[in-house]
Amino acid sequence: MTEITMTLHSSTGPVEVQATEPVPGLRVYRLPGEHPEPWHLAHHQGHILALAATEGTATATARAVADMTDWTRNTMTCANALFSSGSDLAARIQQAGGHTRPTT
């Protein structure tokens with residue numbers, strides 16, 4: 001897997017994290033600090049798709065949604081493709097063990 005440095009924007013300023021790209025265009029990284037689901041699955045442009053308790057679950061979630069669209073394209077193109085195909089991204093995320101909202 002490719003390792004990439006991502007810059008996250010927070011209320012306290014930018015934060016750099018190390019991310020992997022288990023699927024082209026999708027990145028998995030750990031949010032700094034204490035969180036019940038610190039692992040995030042995000043589009044390469046930064047939009048968060050899922051939260052997970054472990055890196056393994058976040059990576060499995062990336063693989064579960066890999067074939068739903070070409071994730072290397074921009075966010076709006078991906079969203080349009082998902083909407084027009086009638087796919088249920090949230091259901092796939094949940095089936096893989098990820099969450100689309102915090103569980104606590």
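The first residue of the sequence shown is numbered 1, and numbering continues consecutively from there.
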>> Does atom CZ (Arg73) have a neighbourhood of more than 12 heavy atoms from anything else shown, all under 6.0 Å?
In response: no
> Which pair of non-hydrogen atoms, one from Gly98 and one from Thr61, has the smallest distance, and what is that distance?
Replying inline: N-OG1, 3.6 Å
>> Side chains of His40 and Val28, heavy atoms from C-beta outward: is any pair under 4.5 Å?
In response: no
>> If you define the side chain from C-beta out and look only at heavy atoms, does anything of Met68 sit under 4.5 Å from Arg92?
In response: yes
> Who are the side-chain hydrogen bond (donor to acceptor under 3.5 Å, both in side chains) partners of Gln45, not counting sequence neighbours?
Replying inline: Thr75
>> Quick check: closest heavy atoms across Cys78 and Asp70, and the distance to 0.1 Å?
In response: SG-O, 3.3 Å
> Under 3.5 Å, is there a donor-acceptor pair between the side chain of Arg27 and the main chain of Thr20?
Replying inline: no
> Any idea which heavy atoms bring Ala53 and Pro38 closest together, and the distance?
Replying inline: O-CD, 3.9 Å
> For Leu82, does its backbone N or O pair with a side-chain atom of Ser87 as donor and acceptor, under 3.5 Å?
Replying inline: yes
> Does the pair Asn80 and Thr77 meet the rule for a side-chain hydrogen bond (donor to acceptor under 3.5 Å, both in side chains), with working shown?
Replying inline: CA-CA 5 Å; Asn80 287 337; Thr77 301; 5.7 Å; no
> Does Trp71 use its side chain to pair, donor to acceptor, with the backbone of Val65 at less than 3.5 Å?
Replying inline: yes
> Taking only residues at least two apart or on different chains, which pairs with a member in residues 46-67 satisfy ring pair (Phe, Tyr, Trp, His ring centres under 6.0 Å)?
Replying inline: none
> What's the shortest heavy-atom distance between Leu49 and Ile93, and which atoms?
Replying inline: O-CD1, 3.4 Å
> Do Pro14 and Leu8 have side-chain heavy atoms sitting under 4.5 Å apart?
Replying inline: no
>> Using every non-hydrogen atom in the two residues, find where Pro22 and Thr59 come nearest and quote the distance to one decimal.
In response: CB-CG2, 3.8 Å
> Just checking, any donor-acceptor pair under 3.5 angstrom between side chains of Gln94 and His99?
Replying inline: no
>> Tell me whether His43 contacts the main-chain N or O of Ile48 through its side chain, where contact means a donor paired with an acceptor under 3.5 Å.
In response: no
>> Run the side chain to side chain contact (heavy atoms under 4.5 Å, CB included) test against Ala90 and tell me which residues pass, sequence neighbours left out.
In response: Asp88, Thr100
